[in-house]
Engineer: 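The structure that follows is given in the form of structure tokens.
Throughout, numbering of the chain's residues begins at 1 and tracks the sequence.
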Amino acid sequence: MFYWRDLDSVPEDFGPSVLTLGNFDGVHRGHQRVLQQVVEAARQRSAAAVVVSFDPHPAQVHRPDSAPELIMGLADRVETLAETGIDALLMMHYTLDLAANSPEEFVERVFVRALRAKAVVIGHDVRFGAGNSGDLDTMRELGRKLGFEVIAIDDFGASFPMDATDDDGDRRCSSTWVREALETGEVGTAARVLGRHHRMRGDVVHGAARGRELGYPTANLAASSQGYIPADGIYAGWLVDEAGTRWPAAISVGSNPTFDGVDRQVEAHVINRPPDRVQDFDLYGQAVVVEFVERLRGQVTYRGPEALIEQMKLDVEQARGVLSTEQQPRR
């Protein structure tokens, strides 16, 4: 996949293309179905399938105090978009100057001159250009004027049936739904909407070494780690190291209320450490990925280290059981 961070990086002879426009935070199953249509339309027209997206998220520029927390960091968004089969990604730096472009200025400069769009795939609720003044009718008018086809899809997302025990029924896939699930620790629901486990990515840093002292050493993620932090509690999940090895893990999110003065953090205890490296298994300094599979319990304050150690033992055994039978999220 070609990856460009500005218009000047797009080759002058690039195109023709079939493209779509969006933030794609989470690249959830609804996004994936839209991108599948982009790829199929591009193949039918002997064109390149292209995504035009933005960094930072427009909400972070227009309303930074109330912008939603992002589901995934930029590196994960780029990697996941590449997995959908698109040919190129233009990740434009979003600024107030860019936001001031009229719908026609933006479309002509980006879609037509830079990407030589043969077709544009958008949803009925699309908004673009200064003050979000452009809509589907605007895009169709610009398509007729500038010479590209507009393919409107029924919903810039997709719905799918949940389990019979779920209350959501056929709810539309959305980034909002994923955030709602993560906020309450429902990582299984988030996984079904995303089509994969929710994950965080960050460097392993030194912590208070309290887990090691208790016999359960943990890999502590740096505060700068990217990805939505789910609700406080204990989770079964996976830790993926720099070599790509997936280690089963019991993951703690929170401040550990049994001990005073501990900031909120994400830490993962690798369950099956290499037998020949039980004592010196060291992930410090590595960039790792932590995947959340199932929430085991909420965070609890214990009377002392002994009670906490007993609970940690139970948590590890429960996590091991969950991961031994774990299946990939349904698509």
Engineer: After noting the C-alpha distance and the side-chain angles of V34 and I153, does the key distance pass the side chain to side chain contact (heavy atoms under 4.5 Å, CB included) rule?
Structural biologist: CA-CA 8 Å; V34 171; I153 54 180; 3.6 Å; yes
Engineer: Determine whether a donor-acceptor pair (N or O, by modelled atom type, separation under 3.5 Å) exists between the side chain of S225 and the backbone of L221.
Structural biologist: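 Side chain of S225 to backbone of L221: no pair is present.
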Engineer: Using atom types as modelled and distance alone, determine if a side-chain donor or acceptor of E294 lies under 3.5 Å from a backbone N or O of A236.
Structural biologist: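 Looks like no, no N/O pair under 3.5 Å.
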Engineer: Does any part of the side chain of Q60, heavy atoms only, come nearer than 4.5 Å to the side chain of L70, both counted from C-beta?
Structural biologist: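 Yes, close enough: below the 4.5 Å cut-off.
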Engineer: Applying the salt bridge (Lys or Arg N to Asp or Glu O under 4.0 Å) test to E149, which of K118, R45, R140 qualifies?
Structural biologist: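 So the option named by the test is R45.
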Engineer: Is the backbone of R192 close enough, under 3.5 Å, to the side chain of R29 for a donor and an acceptor to pair up by distance?
Structural biologist: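 Flag set: sc R29 to bb R192 pair under 3.5 Å.
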Engineer: Salt bridge or not between D55 and R5? Use side-chain N to carboxylate O under 4.0 Å.
Structural biologist: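 A salt bridge links D55 with R5.
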Engineer: Could you report the tightest heavy-atom contact between A130 and A100, atom names first, then the distance?
Structural biologist: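 That would be CB-O, 3.6 Å.
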Engineer: Grab the two heavy atoms, one from V27 and one from Q32, that are nearest each other, plus how far apart they are.
Structural biologist: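 Where V27 meets Q32 most closely, the heavy atoms are O-NE2, 2.9 Å.
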Engineer: Taking the side chain as C-beta and beyond, is there a heavy-atom pair between R246 and L239 under 4.5 Å?
Structural biologist: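 No, side chains not in contact.
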Engineer: So which heavy atom on A48 is nearest to which on A42, and how close?
Structural biologist: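 Scanning both residues completely, I find the closest heavy atoms to be C-CB, 3.9 Å.
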Engineer: Are H31 and S175 close enough that some pair of their side-chain heavy atoms sits under 4.5 Å apart?
Structural biologist: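 H31 reaches S175 side chain to side chain.
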Engineer: Are F24 and L35 close enough that some pair of their side-chain heavy atoms sits under 4.5 Å apart?
Structural biologist: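 They are in contact (side-chain heavy atoms under 4.5 Å apart), so the answer is yes.
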Engineer: Return yes when atom CD of E83 has more than 12 non-hydrogen atoms of other residues, nucleotides or ligands closer than 6.0 Å, and no otherwise.
Structural biologist: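 Counting other residues, nucleotides and ligands, CD of E83 exceeds 12 neighbours.
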Engineer: Taking NZ, NE, NH1 and NH2 as the nitrogens, is one of them in E291 or R196 under 4.0 Å from a carboxylate oxygen of the other?
Structural biologist: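 The answer is no: the pair does not qualify as a salt bridge.
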Engineer: Is it the case that one hydrophobic cluster holds both V204 and V289, taking links as side-chain heavy atoms less than 4.5 Å apart, direct or via other members?
Structural biologist: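 No; tracing contacts between hydrophobic side chains, which count when under 4.5 Å, never links both residues.
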Engineer: For H206 and Y284, I'd like to know if the aromatic rings sit close, meaning centre-to-centre distance below 6.0 Å.
Structural biologist: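 Ring centres of Y284 and H206 closer than 6.0 Å.
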Engineer: Verify the cluster assignment for Y216 and L314: are they in a single hydrophobic cluster under the rule of side-chain heavy atoms below 4.5 Å apart?
Structural biologist: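 Different clusters: Y216 never reaches L314 through Ile, Leu, Val, Met, Phe, Trp or Tyr contacts under 4.5 Å.
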Engineer: Are T138 and R127 close enough that a side-chain donor and a side-chain acceptor fall under 3.5 Å?
Structural biologist: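 Not at all, the side chains of T138 and R127 share no donor-acceptor pair under 3.5 Å.
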Engineer: H93 vs L98, test: side chain to side chain contact (heavy atoms under 4.5 Å, CB included). Steps then yes/no.
Structural biologist: CA-CA 8 Å; H93 181 58; L98 178 63; over 6 Å; no
Engineer: Examine the side chains of S174 and R179 and answer whether a donor and an acceptor come within less than 3.5 Å of each other.
Structural biologist: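 Looking only at side-chain atoms, R179 and S174 do not form any donor-acceptor pair under 3.5 Å.
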Engineer: State which residue, out of V266, V290, V187, fulfils the side-chain contact (heavy atoms from CB on, under 4.5 Å) condition with Y235.
Structural biologist: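 Only one option passes, and that is V187.
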Engineer: Is it true that a side-chain atom of H28 and a backbone atom of W177 form a donor plus acceptor pair closer than 3.5 Å?
Structural biologist: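 No, because the side chain of H28 does not come within donor-acceptor range (under 3.5 Å) of the backbone of W177.
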Engineer: Kindly determine whether E79 and R201 satisfy salt bridge (Lys or Arg N to Asp or Glu O under 4.0 Å), including the steps that lead there.
Structural biologist: CA-CA 12 Å; E79 179 180 302; R201 184 188 299 267; 3.4 Å; yes
Engineer: D203 side chain to G285 main-chain N or O, any donor-acceptor pair under 3.5 Å?
Structural biologist: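 The answer is no, because no donor-acceptor pair under 3.5 Å joins these two groups.
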Engineer: Of all heavy-atom pairs between I86 and L81, which one has the smallest distance, and what is that distance?
Structural biologist: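 Smallest interatomic distance, heavy atoms only, reads CG1-O, 3.6 Å.
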Engineer: Would V112 and L21 show up in the same hydrophobic cluster when neighbours are defined by side-chain heavy atoms closer than 4.5 Å?
Structural biologist: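 Yes, because V112 and L21 connect within a single hydrophobic cluster, where side-chain heavy atoms sit under 4.5 Å apart.
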Engineer: Are V126 and V150 connected in the hydrophobic side-chain network, where two residues link if heavy atoms are under 4.5 Å apart?
Structural biologist: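 Yes, one cluster joins them.
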Engineer: Taking D241 for its side chain and T245 for its backbone only, find out whether a donor-acceptor pair lies under 3.5 Å.
Structural biologist: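 Judged by distance alone, yes, a pair lies under 3.5 Å.
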Engineer: Is there a path of hydrophobic side-chain contacts, each under 4.5 Å between heavy atoms of I/L/V/M/F/W/Y residues, joining M72 to V240?
Structural biologist: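 Hydrophobic grouping puts V240 apart from M72.
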Engineer: Any idea which heavy atoms bring A249 and A268 closest together, and the distance?
Structural biologist: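 A249 and A268 have their closest heavy atoms at CB-CB, 4.2 Å.
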Engineer: Going from CH2 on W238 to CD1 on I271, what distance comes out if it is rounded to the nearest 0.5 angstrom?
Structural biologist: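 W238 atom CH2 to I271 atom CD1 measures 8.5 Å (nearest 0.5 Å).
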Engineer: Hey, mind stepping through L19 and V38 against side chain to side chain contact (heavy atoms under 4.5 Å, CB included) and telling me if it holds?
Structural biologist: CA-CA 7 Å; L19 62 84; V38 174; 5.9 Å; no
Engineer: Answer yes or no: does atom CZ of F14 have more than 12 heavy-atom neighbours from other residues, nucleotides or ligands under 6.0 Å?
Structural biologist: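 Enclosed.
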Engineer: Kindly say whether T218 contributes a backbone atom to a donor-acceptor pair with the side chain of E267 at under 3.5 angstrom?
Structural biologist: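 Side chain of E267 to backbone of T218: no pair is present.
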Engineer: Tell me, do L96 and V61 make a side-chain contact under 4.5 Å, heavy atoms counted?
Structural biologist: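 Answer yes - side chains close enough.
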Engineer: Could you tell me whether the side chain of M200 reaches within less than 4.5 Å of the side chain of I229, counting heavy atoms only?
Structural biologist: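 The answer is yes; the side chains approach within 4.5 Å.
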Engineer: Is the closest basic N to carboxylate O distance between R320 and E317 below 4.0 Å?
Structural biologist: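 Looking at R320 and E317, the cut-off is met.
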Engineer: Is a side-chain donor or acceptor of E183 paired with a backbone partner of V178 at a separation under 3.5 angstrom?
Structural biologist: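 No.
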Engineer: Under 4.5 Å between any side-chain heavy atoms of Y228 and P68, yes or no?
Structural biologist: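 Contact flag for Y228/P68 side chains = no.
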Engineer: List the steps, then state whether side chain to side chain contact (heavy atoms under 4.5 Å, CB included) holds for W4 with L89.
Structural biologist: CA-CA 6 Å; W4 307 305; L89 169 62; over 6 Å; no
Engineer: Are the side chains of D135 and F128 in contact, using a 4.5 Å heavy-atom criterion?
Structural biologist: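 No, side chains not in contact.
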Engineer: For A114 versus V110, what's the shortest heavy-atom pair and its separation?
Structural biologist: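 The answer is CB-O, 3.4 Å.
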Engineer: Under a 4.0 Å threshold between the charged nitrogen and the carboxylate oxygen, would D25 count as salt-bridged to R77?
Structural biologist: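 The answer is no: the pair does not qualify as a salt bridge.
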Engineer: I'd like to know if the side chain of H269 reaches the main chain of P217, judged simply by a donor and an acceptor atom lying under 3.5 Å from each other, with no hydrogens or angles considered.
Structural biologist: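 Checked: pair present.
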Engineer: Between CG of L182 and CD1 of I71, what distance do you get to the nearest 0.5 Å?
Structural biologist: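 Here the rounded value is 7.0 Å.
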Engineer: Rounded to the nearest 0.5 Å, what's the gap from CG on L7 to CZ on R113? Could you check?
Structural biologist: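 That separation rounds to 9.0 Å.
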Engineer: With no hydrogens and no angle check, do the side chains of H62 and Y94 hold a donor and an acceptor under 3.5 Å apart?
Structural biologist: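 Present: a donor and an acceptor within the cut-off.
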Engineer: Under a 4.0 Å threshold between the charged nitrogen and the carboxylate oxygen, would D13 count as salt-bridged to R116?
Structural biologist: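 Looking at D13 together with R116, the answer is no, because their closest N to O distance does not fall below 4.0 Å.
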Engineer: T20 side chain to V121 main-chain N or O, any donor-acceptor pair under 3.5 Å?
Structural biologist: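 Pair found, side chain donor or acceptor close to backbone of V121.
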Engineer: With a 3.5 Å cut-off and no angle check, do the side chains of E104 and S102 form a donor-acceptor pair?
Structural biologist: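 Not at all, the side chains of E104 and S102 share no donor-acceptor pair under 3.5 Å.
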